[in-house]
Amino acid sequence: MKHWTLDDIDWHRFDPALVDPEIVALVKSAAMVERNGDDYALYLKSVFADDPDFRAAADLWAVEEVQHGDALGRWASLADPSFDYSGCFLRYRAGYKIDVRADASRRGSRSGELVARCIVETGTSSYYTALADASAEPVLVQVCRLIAADEYRHFKLFYDHLRRYLARENLSRLGRFQVALSRATESEDDELAFAYHVSNEPEGASYDHQRCIAGYMGRAMGFYRQPHLDRAMGMMFKAVGLPPRGMLSSWAGRAAFRLVQWRHGRYQRVLAKPA
């Protein structure tokens, strides 16, 4: 199936009257992270150095991730003409770096690395679905739905390779769950916080992790609804080897939604404090 391009997006339908400034800040940040996909591909290709099939898949995945960043960056520039997408990304890449030449996965095994990638795609697919559902601006809705569909397909890509590696490495369900939980908690690290800093704060401003992660999460978490977390828990359960639908998954979805609501309130209180 032919993949979409930037030319397939109905940019002429952009309606500035329907832009939500809170969402603009999130889109700017997300553009930085998505555009950095080529660095993550280098890391993955280093970890899977002797696996040509996976390396080829990682290259195609990176092309699509970079395009996600470009689509989000273009929309953000329409919503805020002062936004310098290219300049912000150069500052992001200069200030946030990953080890692209790692000779082994930081997750302890290749299976663990693929579980972690599944969790990332779970989060992004749910997140862009939530943004699409929350937005009234038609171009952003189109962009987010296209990206969400890609991220779900990327989940299936990494899951298929995970099944292949599980046959060799036999990573237990407990081990997979530990990797999944560890990766899920990393959403509050510098990757998103620094992306928020370079894309939403004045150039030259000092970087403060707590301020920036509150700026991002205090907005992003408010757009999640119960169905988004239900879907995410189903995908996460599948990645760790548990039934994606059923009583346990349903309970986990409700618990995850309550946790997101609680964390959202906590970050909102941080944002409400005087600078």
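All values reported here derive from a predicted model rather than from experimental measurement. Residue numbers start at 1 and run along the sequence shown.
Distance check: Met233 CE to Leu242 CG gives 11.5 Å after rounding to the nearest 0.5 Å. Rounding to the nearest 0.5 angstrom, the gap separating the CD atom in Glu64 from the OG1 atom in Thr5 is 12.0 Å. Here OG1 of Thr185 is found 11.0 Å from CD1 of Ile119. Values are rounded to the nearest 0.5 Å. To the nearest 0.5 Å, the span separating CH2 on Trp75 from OH on Tyr85 amounts to 14.5 Å. With values rounded to the nearest 0.5 angstrom, Leu140 atom CG is found 8.5 Å from Ile147 atom CD1. In this structure, Leu171 CG and Glu113 CD are separated by 12.0 Å, a value rounded to the nearest 0.5 Å.
Residues meeting the side chain to side chain contact (heavy atoms under 4.5 Å, CB included) test with Asp160, sequence neighbours left out: Arg163. Applying the side-chain hydrogen bond (donor to acceptor under 3.5 Å, both in side chains) test to Glu151 and every residue at least two apart in sequence or in another chain returns His154. Every residue two or more places apart in sequence or in another chain was checked for a salt bridge (Lys or Arg N to Asp or Glu O under 4.0 Å) with Arg225, and none qualifies. Among residues two or more places apart in sequence or in another chain, the side-chain hydrogen bond (donor to acceptor under 3.5 Å, both in side chains) test is passed with Ser126 by none. Remark: Ser77 pairs with no residue by the side-chain hydrogen bond (donor to acceptor under 3.5 Å, both in side chains) rule, at least two apart or across chains. For Lys45, the salt bridge (Lys or Arg N to Asp or Glu O under 4.0 Å) partners are Asp59, not counting sequence neighbours. Contacts of Val260 classified as side chain to side chain contact (heavy atoms under 4.5 Å, CB included), with partners at least two apart in sequence or in another chain: Met221, Tyr224, Leu229.
No donor-acceptor distance shorter than 3.5 angstrom exists from the side chain of Tyr216 to the backbone of His197, with no hydrogens or angles considered. Using a distance-only test at 3.5 Å, with no hydrogens or angles considered, a donor-acceptor pair links the side chain of Asp208 to the main chain of Arg211. Counting only distance, with no hydrogens or angles, the side chain of Ser199 and the backbone of Ala195 share a donor-acceptor pair below 3.5 Å. The backbone N or O of Trp11 sits nowhere less than 3.5 Å from a side-chain atom of Gln142 that would complete a donor-acceptor pair. Without hydrogens or angle criteria, Asp15 side chain to Ala17 main chain gives a donor-acceptor distance under 3.5 Å. With Ser105 contributing its side chain and Arg110 its backbone, the two residues share no donor-acceptor pair below 3.5 Å.
Pairs of residues two or more places apart, or lying in two chains, that qualify as side chain to side chain donor-acceptor pair (under 3.5 Å) and include a residue from residues 169-184 are Ser111-Glu169. A ring pair (Phe, Tyr, Trp, His ring centres under 6.0 Å) check over residues 236-273, counting only residues at least two apart or in different chains, returns nothing. Each ring pair (Phe, Tyr, Trp, His ring centres under 6.0 Å) pair with one or both residues in residues 17-57, not counting sequence neighbours, appears once here: Phe48-Phe54, Phe48-Tyr165, Phe54-His161. For residues 16-27, every residue pair satisfying the side chain to side chain donor-acceptor pair (under 3.5 Å) rule, not counting sequence neighbours, is listed here: Glu22-Arg219.
Across all non-hydrogen atoms, the minimal contact from Ala214 to Val270 is CB-CG1, 3.6 Å. Of all the heavy atoms in Ser29 and Asn200, the pair that sits closest is OG-ND2, 3.2 Å. Closest of all the heavy-atom pairs between Arg107 and Ala116 is NE-CB, 3.6 Å. Here the closest heavy-atom approach between residue Val27 and residue Ala76 is recorded as CG1-CB, 4.2 Å. Closest approach of Ala41 and Ala58 over heavy atoms only: CB-O, 3.8 Å. Heavy atoms only, all atoms of each residue included: Ile213 and Ala193 are closest at N-CB, 3.9 Å.
Linking ILVMFWY residues whenever their side-chain heavy atoms come closer than 4.5 Å, directly or via other members, places Trp4 and Val139 in the same cluster.
More than 12 heavy atoms of other residues, nucleotides or ligands shown are found within 6.0 angstrom of CZ on Phe14.
Salt bridge present: Asp80 and Lys28 bring a charged side-chain N and a carboxylate O closer than 4.0 Å.
Residues Val19 and Ile23 have side chains not in contact (no heavy-atom distance under 4.5 Å, counting atoms from C-beta outward).
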field: Derivation of the salt bridge (Lys or Arg N to Asp or Glu O under 4.0 Å) call for Arg245 and Asp230
entry: CA-CA 9 Å; Arg245 285 179 292 275; Asp230 289 340; over 6 Å; no

- request: Test side chain to side chain donor-acceptor pair (under 3.5 Å) on Glu121 and Trp61 and set out the steps.
  value: CA-CA 11 Å; Glu121 306 302 335; Trp61 168 83; 3.2 Å; yes

- request: Test Asp84 against Arg91 for salt bridge (Lys or Arg N to Asp or Glu O under 4.0 Å), laying out the working first.
  value: CA-CA 11 Å; Asp84 178 9; Arg91 295 200 301 277; 5.3 Å; no

- prompt: Given Tyr207 and Asp190, is the side chain to side chain donor-acceptor pair (under 3.5 Å) satisfied, shown in steps?
  reply: CA-CA 10 Å; Tyr207 171 60; Asp190 281 322; 2.5 Å; yes

If you look only at distance, which donor and acceptor atoms sit under 3.5 Å apart when one is on a side chain in residues 96-103 and the other is two or more places apart or in another chain?
from  : atom 1 : to     : atom 2 : distance (Å)
Lys97 : NZ     : Arg93  : O      : 3.3
Asp99 : OD1    : Arg101 : N      : 3.1

